[in-house]
2 protein chains.
Amino acid sequence: MTTTEPTETALQLPADVQDLLFREARTANNFSDEQVTDEQVRAIYELVKWAPTSMNTQPLRALVIRSDEAKRRLLPLMAEGNRAKTEAAPLTVVLAADVDFHENLPELFPHFPGAKDVFSEEPGRVEVAKLNTSLQIGYFIIGVRAAGLAAGPMTGFDAEGVDKEFFADRPWKSLVVVNIGKPGENPWFDRLPRLSFDQVVETL
Amino acid sequence: MTTTEPTETALQLPADVQDLLFREARTANNFSDEQVTDEQVRAIYELVKWAPTSMNTQPLRALVIRSDEAKRRLLPLMAEGNRAKTEAAPLTVVLAADVDFHENLPELFPHFPGAKDVFSEEPGRVEVAKLNTSLQIGYFIIGVRAAGLAAGPMTGFDAEGVDKEFFADRPWKSLVVVNIGKPGENPWFDRLPRLSFDQVVETL
C-alpha cells in the first residue's frame with residue numbers, strides 16, 4: 001500500500017501484518033519449487049486451533065497430500081481447471097468436517113456432560129459440523145498466510161469422490177481443498193472487486 | 001506466553017500478533033462499557049473483505065445492532081444462556097448469508113459471464129452461500145481481534161425468528177450472532193482443551 005487509509009489506523013494490527021494476512025495476500029495459482037515442511041503445517045495448526053467454534057466442537061480435519069502417490073489419487077477428482085495447479089503445488093491439503101465430532105465433546109466441553117447428546121440427531125449435526133468446519137477453514141487460510149505462505153483454496157472438486165477415495169473408513173466430509181506454497185512466477189490473476197461496506201453492512 | 005514454542009518461530013507472523021489474534025484472544029462473555037465505533041466496524045470490514053471466497057461470491061451480510069430498539073427486538077430470539085451477555089454487549093452483529101449472492105456475480109466475477117447461471121438452482125446455491133459465509137465469519141472474527149476487540153460468537157439463537165424479524169424483505173439467512181467490545185471484568189471462562197495435531201491432521 002502506498003497510502004495509509006483511515007481504516008488501517010483504526011485497527012490494532014500493524015499495517016504490515018494487515019498486508020501479510022489480508023491486503024497483499026492473494027489466492028495463488030502458481031507456486032515456486034520451495035517445499036512446505038511438516039513443521040510449517042504443524043505451526044499453522046498449533047496457531048489456528050485456538051480460534052473459536054460453537055461449544056468448542058472443533059470439527060475440522062485435515063488430510064495433507066504430500067506423496068506423489070496421494071497426489072495421483074487426488075488429481076482426477078479435482079475440477080479440470082484446478083488440476084494443473086494442484087499437480088504443481090508443493091503441498092495440497094483436503095479440509096473436511098468430521099460429522100461425528102460430538103464423540104469428542106466429553107473431552108472438549110467437560111463442564112456440560114450432556115453436550116454429546118445435543119447432537120445425537122444426524123441432519124442437524126451435519127449442519128453444525130459444516131458451519132464450524134467452514135469457520136475453521138477461514139482460520140486455517142489466515143494461518144497459512146501467517147506462515148508466510150500463499151493459499152489457493154478451491155471448492156471445485158468432486159467432494160463425494162474424494163470422500164470415497166480417502167475417507168471410506170471414517171465420517172469425514174471434504175469441503176475445501178487448499179494448495180499451499182510460496183508464490184511462483186505470475187502467481188495471481190488481477191484482483192477481483194470487493195463489495196463495498198454499504199453493500200454488506202447495515203446498522204439498526 | 002512465557003516460553004517460546006518452536007511452532008511460534010516457524011511462522012512469519014510476529015509472536016505478539018499471534019497472541020493478539022489467536023493465543024490470548026478469547027471468546028468474551030462480559031464486556032466493558034467502552035463503545036465500539038462505526039469507524040471500527042468499517043475498519044474491520046475493509047480489512048477482512050480481501051480474504052478469499054469461492055468464485056469471489058462474498059455472500060456475507062452483516063446487520064449491526066446498535067440502537068436499544070434493535071437490541072430489544074433481538075434479545076427474545078437469543079437462547080436464554082446468551083441473553084444477558086448480548087444485552088450487556090456494547091455492539092452485537094448478526095452475520096448472515098445472502099442466498100441470492102449470485103445476482104452480484106456479473107460485477108464480482110466479470111471475466112466469466114456465465115458465473116451467475118452456475119448458481120441458478122436454489123438448493124445448491126444455499127449450500128455455497130452457507131459455506132462461503134462461514135469462511136467469511138471466520139475472517140470477521142479474526143478482524144474483530146485485529147481491531148483490539150473481543151468477539152463473542154454465538155450460534156445459540158432462533159435463526160428463523162431472526163430472519164423473520166429482521167430480514168423479512170430480503171434473502172438473508174442468519175448463521176452467527178457476535179457480541180463485540182472490550183473485555184470487562186472476569187470476561188473469560190477457563191480455556192477449553194483443543195484437539196491435538198495428531199487428532200486432526202493426517203499425512204499421506
In terms of heavy-atom pairs under 4.5 Å, which option from [options] contacts chain A the most?
{"options": "B:Ala10, B:Gly143, B:Ala43", "answer": "B:Ala43"}
{"options": "B:Pro193, B:Ala96, B:Ser196", "answer": "B:Pro193"}
{"options": "B:Leu20, B:Asp16, B:Val176", "answer": "B:Leu20"}
{"options": "B:Leu195, B:Val93, B:Val201, B:Val17", "answer": "B:Leu195"}
{"options": "B:Arg66, B:Arg26, B:Glu69", "answer": "B:Arg66"}
{"options": "B:Lys49, B:Glu107, B:Arg61, B:Arg42", "answer": "B:Arg42"}

Side chains of A:Ile137 and B:Leu131 in contact at under 4.5 Å (non-hydrogen atoms) | no
Decide yes or no for A:Gln12 and B:Leu149: does some side-chain heavy atom of the first lie under 4.5 Å from some side-chain heavy atom of the second?
-> no
Walk me through it: do B:Phe197 and A:Val41 pass the test side-chain contact (heavy atoms from CB on, under 4.5 Å)?
-> CA-CA 10 Å; B:Phe197 182 80; A:Val41 176; 4.2 Å; yes
With the threshold set at 4.0 Å, does a side-chain nitrogen-carboxylate oxygen contact exist between B:Glu127 and A:Lys130?
-> yes
A:Glu202 and B:Arg170 ion-paired at < 4.0 Å | yes
Pick one of side chain, backbone, both or neither for [X], based on which atoms fall under 4.5 Å of a heavy atom in chain B.
{"X": "A:Asn104", "value": "side chain"}
{"X": "A:Leu63", "value": "both"}
{"X": "A:Glu46", "value": "side chain"}
{"X": "A:Val48", "value": "both"}
{"X": "A:Leu192", "value": "both"}

Compare every heavy atom of B:Arg23 with every heavy atom of A:Trp50, then report the nearest pair and how far apart it is.
->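 Closest approach of A:Trp50 to B:Arg23, heavy atoms only: CD1-CG, 3.5 Å.
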Closest non-hydrogen atom pair, B:Leu135 against A:Gly138 =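 Where B:Leu135 meets A:Gly138 most closely, the heavy atoms are CD2-N, 3.6 Å.
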Gap between atom CD1 of A:Ile44 and atom CG of B:Leu11 - 0.5 Å precision = 7.0 Å
Other residues, nucleotides, ligands: >12 heavy atoms within 6.0 Å of [X] [atom1]:
{"X": "B:Glu103", "atom1": "CD", "result": "yes"}
{"X": "A:Asp68", "atom1": "CG", "result": "no"}
{"X": "A:Lys85", "atom1": "NZ", "result": "yes"}
{"X": "B:Glu165", "atom1": "CD", "result": "yes"}

Looking at [options], which makes the most heavy-atom pairs under 4.5 Å with chain B?
{"options": "A:Lys71, A:Arg73, A:Gln199, A:Gln40", "value": "A:Gln199"}
{"options": "A:Asp38, A:Ile142, A:Ile65, A:Thr133", "value": "A:Ile142"}
{"options": "A:Ala151, A:Ala51, A:Ala25", "value": "A:Ala51"}
{"options": "A:Tyr139, A:Tyr45, A:Phe166", "value": "A:Tyr45"}

Does the side-chain contact (heavy atoms from CB on, under 4.5 Å) test come out yes or no for B:Leu13 and A:Arg145, once each step is laid out?
-> CA-CA 8 Å; B:Leu13 198 71; A:Arg145 293 165 165 196; over 6 Å; no
Chain A heavy atoms under 4.5 Å from B:Leu204: which part of the residue, side chain, backbone, both or neither?
-> both
Show your reasoning for whether side-chain contact (heavy atoms from CB on, under 4.5 Å) applies to B:Leu47 and A:Leu21.
-> CA-CA 9 Å; B:Leu47 182 70; A:Leu21 298 183; over 6 Å; no
Between the side chains of B:Ser54 and A:Thr155, is a donor N or O closer than 3.5 angstrom to an acceptor N or O?
->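 B:Ser54 vs A:Thr155: donor-acceptor pair found between side chains.
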